[in-house]
Amino acid sequence: MPTAPNRTILRMGDYELAVSHPDKLLWPEAGITKLEYVQTLAKLAPYLLPYTTNRYLTTIRYPEGIHGTSFYQKNSPRPTPDYVRTAIAGDIRYVVLDSLPALMWMGSLYALEFHASCEEIGQLAPTPNVWMLDIDPTLPDEPRIMEAADHVLELLRSLGLQAVPKTSGATGVQIVMPIERGPTFDELRSFGKFCSEYLVAQHPGLFTVERMTKNRGELIYLDYLQHYSGRTLPAPYSPRARPGATVSTPLTWEEVRSGAKPADFHLRNIIERLQTRGDLIAAVPPQSLAPVLGGIASFLKQR
């Protein structure tokens, strides 16, 4: 309900949020205003929040929209409303993005991207419940990115494992696999290294594990190192500060094989997609990696 030309009040259950400059264009090419963005976040909340709850949050804020100055933020903005929970790690007080009011508040502060920590908050003995592989193209426009994702999925399927590809919302793809707790981050990194080096050997004209961008040529980087304690990745269903207002979106294998593009999934169509397909990641049962890790260990000992 509008209260003044430059302010709109939104009700969030028992709370109210004052959205200043509701007509400011945050994604000019897509015509998406600040008010529309915050309202869309409210609809995204049931899908996005499960992947940010109990994770340390890093946001990227764009006070003047996607073409203006931006900055990364880890510390909770001040003042922090009573309805926003925080968690301290080291000397940083992180926002815990676990509620609709917290999400809408961050949106009203021009947080246009939500990057979640790989580790969970307060885990004394890290035993992750997910494994991820970041497929990072070297070229700004990489037509082979879905071919790359297909090869990773094929390899995992050959190992008896089910995973979900998701667009980063930018140029890359992440492979997300819910797992049964047990393997440590180090064990998961070893698994990622094995898979990545195998794929490089099988497809040397497509993949690399070279970290230095200048040494990759046009190869696609399999970043098995990024999924680790202390690091972040874009949360599923996070918007991205790109001209098309893209959203990090889980895909079906059929969409991968038909050549889906990250630009196909954005703030204007993501809600309808979710209402139709639901959360593809949540539909995958936790995979047991113990037999695979044991098999890899035995193989490496015999080499």
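The structure displayed is predicted, hence computed values, not measured ones. Index from 1, following the sequence.
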**Q.** Minimum-distance pair of heavy atoms, taken over all atoms of Tyr62 and Gly68
**A.** CD2-O, 4.2 Å

(Q) Is there a side-chain contact between Cys195 and Tyr224 in this structure, where contact means two heavy atoms from C-beta onward sitting under 4.5 Å apart? (A) no

Q.
Would you say that Thr171 contacts Asp141 through its side chain, given a criterion of any heavy-atom pair below 4.5 Å between the two side chains?
A. no

Q | Heavy-atom side-chain contact between Ile175 and Met132 under 4.5 Å | A | no

Q. Taking atom types as modelled and ignoring hydrogens, do the side chains of Asp82 and Tyr15 form a donor-acceptor contact shorter than 3.5 angstrom?
A. no

Q.
I need the single residue from His21, Lys34, Arg61 that forms a side-chain hydrogen bond (donor to acceptor under 3.5 Å, both in side chains) with Tyr110. Which is it?
A. Lys34

Q: Any chance you could measure Ile32, atom CD1, to Thr40, atom OG1, to the nearest 0.5 Å?
A: 6.5 Å

Q.
Rounded to the nearest 0.5 Å, what separates atom CZ in Arg157 from atom CG in Asp150?
A. 9.5 Å

Q. If you take all heavy atoms of Met104 and Ala42, which pair is closest and at what distance?
A. SD-CB, 3.9 Å

Q: Give a yes or no on this: more than 12 heavy atoms of other residues, nucleotides or ligands lie within 6.0 Å of atom CD of Glu218.
A: no

Q | Closest heavy-atom pair and its distance - Ser248, Pro250 | A | O-CD, 4.0 Å

Q) Looking only at atom types and distance, does a side-chain atom of Arg216 sit under 3.5 Å from a main-chain N or O of Thr138, one as donor and one as acceptor? A) no

Q. Should we say atom CZ of Arg93 is surrounded by more than 12 heavy atoms from elsewhere, each under 6.0 Å from it?
A. no

Q: Fit a plane to each ring of Tyr56 and Tyr94, take the angle between them on a 0 to 90° scale, and name the class: parallel (under 30°), tilted (30 to 60°) or perpendicular (over 60°).
A: tilted

Q. In this structure, which one of Ile270, Ile271, Leu274, Leu48 forms a side chain to side chain contact (heavy atoms under 4.5 Å, CB included) with Val247?
A. Ile270

**Q.** Flag side-chain contact, heavy atom, 4.5 Å: Val284 against Met177
**A.** no

Q: Check the pair Met146, Leu251 against side-chain contact (heavy atoms from CB on, under 4.5 Å), reporting the backbone distance first and the verdict last.
A: CA-CA 11 Å; Met146 291 300 161; Leu251 307 175; 3.7 Å; yes

Q. Are Thr80 and Thr86 close enough, and set up right, to give a side-chain contact (heavy atoms from CB on, under 4.5 Å), and what steps lead you there?
A. CA-CA 9 Å; Thr80 305; Thr86 60; 4.2 Å; yes

Q | Side-chain (Thr52) to main-chain (Leu49) donor-acceptor, under 3.5 angstrom | A | yes

Q. Any idea which heavy atoms bring Met106 and Val95 closest together, and the distance?
A. SD-CG2, 4.2 Å

(Q) If you define the side chain from C-beta out and look only at heavy atoms, does anything of Pro183 sit under 4.5 Å from Leu293? (A) yes

Q) Are the side chain of Gln202 and the backbone of Val200 linked by a donor-acceptor contact shorter than 3.5 Å? A) no

Q.
Would you say that Tyr37 contacts Leu112 through its side chain, given a criterion of any heavy-atom pair below 4.5 Å between the two side chains?
A. yes

Q: Consider only side-chain N and O atoms of Asp279 and Tyr237, and report whether a donor and an acceptor are under 3.5 Å apart.
A: yes

Q. What residues form a side chain to side chain contact (heavy atoms under 4.5 Å, CB included) with Thr252, not counting sequence neighbours?
A. Glu254, Glu255, Arg277, Leu280

Q: Cation-pi check, Arg211 to Tyr221: give yes when NZ or CZ is under 6.0 Å from the six-membered ring centre and within 45° of the ring axis, no otherwise.
A: no

Q | For the student: nearest non-hydrogen atoms of Gly192 and Trp131, plus distance | A | CA-CZ2, 3.9 Å

Q | Check: Leu26 and Thr33 side chains under 4.5 Å, non-hydrogen atoms | A | no

Q | Any side-chain donor near an acceptor of the partner, Gln174 and Asp134, under 3.5 Å | A | yes

(Q) Tell me whether the rings of His151 and Phe207 are parallel (<30°), tilted (30 to 60°) or perpendicular (>60°). (A) perpendicular

**Q.** Smallest separation among heavy atoms of Gln162 and Pro285, with atom names
**A.** OE1-CD, 4.2 Å

Q. Is the closest side-chain donor-acceptor distance between Glu29 and His67 under 3.5 Å?
A. yes

Q.
Let me confirm one number: the CG-CG distance from Leu109 to Leu17, rounded to the nearest 0.5 Å.
A. 8.5 Å

Q: May I ask whether Tyr198 and Val292 are part of the same hydrophobic cluster, defined by side-chain heavy atoms of I, L, V, M, F, W, Y residues being less than 4.5 angstrom apart, directly or through others?
A: yes

Q. When you measure from the side chain of Arg231 to the backbone N and O of Leu225, does any donor-acceptor pair fall under 3.5 Å?
A. yes

Q. If Ile, Leu, Val, Met, Phe, Trp and Tyr residues are connected whenever their side-chain heavy atoms lie under 4.5 Å apart, and connections chain through other members, are Leu25 and Ile66 in the same group?
A. no

Q) Is Glu64 salt-bridged to Lys24, cutoff N-O under 4.0 Å? A) yes

Q: Take Arg11 and Glu16 through the salt bridge (Lys or Arg N to Asp or Glu O under 4.0 Å) test and state the conclusion after the steps.
A: CA-CA 4 Å; Arg11 181 165 292 281; Glu16 288 186 346; 2.6 Å; yes

(Q) Let's go through Val130 and His227 carefully: what are the C-alpha distance in whole Å and the side-chain angles of both, what is the deciding distance for side-chain contact (heavy atoms from CB on, under 4.5 Å) to 0.1 Å, and is it a yes or a no? (A) CA-CA 9 Å; Val130 67; His227 183 249; 4.0 Å; yes

Q | Donor-acceptor contact present, side-chain Thr167 to main-chain Pro262, <3.5 Å | A | no

Q. Which is it for Thr53 and Leu97 under the side-chain contact (heavy atoms from CB on, under 4.5 Å) test, yes or no, and what are the steps along the way?
A. CA-CA 5 Å; Thr53 295; Leu97 199 60; over 6 Å; no

Q | Note: Asp98-Arg85 ion pair, threshold 4.0 Å (strictly below) | A | yes

Q: Please check if the side chain of Thr208 supplies one atom and the backbone of Leu219 the other of a donor-acceptor pair under 3.5 Å.
A: no

Q. Any sub-3.5 Å donor-acceptor pair from Trp253's side-chain atoms to Leu153's backbone N or O?
A. no

Q | Check: Arg55 side chain, Cys118 main-chain N or O, donor-acceptor pair, under 3.5 Å | A | yes

Q.
Do Tyr83 and Leu100 have side chains that approach each other closer than 4.5 Å (heavy atoms only, starting at C-beta)?
A. no

Q | Side-chain donor/acceptor of Glu113 to backbone N/O of Ser238, under 3.5 Å | A | no

Q. Is the closest basic N to carboxylate O distance between Glu142 and Lys261 below 4.0 Å?
A. no

Q: Scan Thr59, Ile60, Thr232 and name whichever one has a side chain to side chain contact (heavy atoms under 4.5 Å, CB included) with Tyr72.
A: Ile60

Q. Ile121, Ile88: one ILVMFWY side-chain cluster at the under-4.5 Å cut-off?
A. no

Q) If only atom types and distance count, is the side chain of His203 paired as donor or acceptor with the main-chain N or O of Gly205 below 3.5 Å? A) no

Q: Enter the distance from Glu147:CD to Leu206:CG here, rounded to the nearest 0.5 Å.
A: 5.0 Å

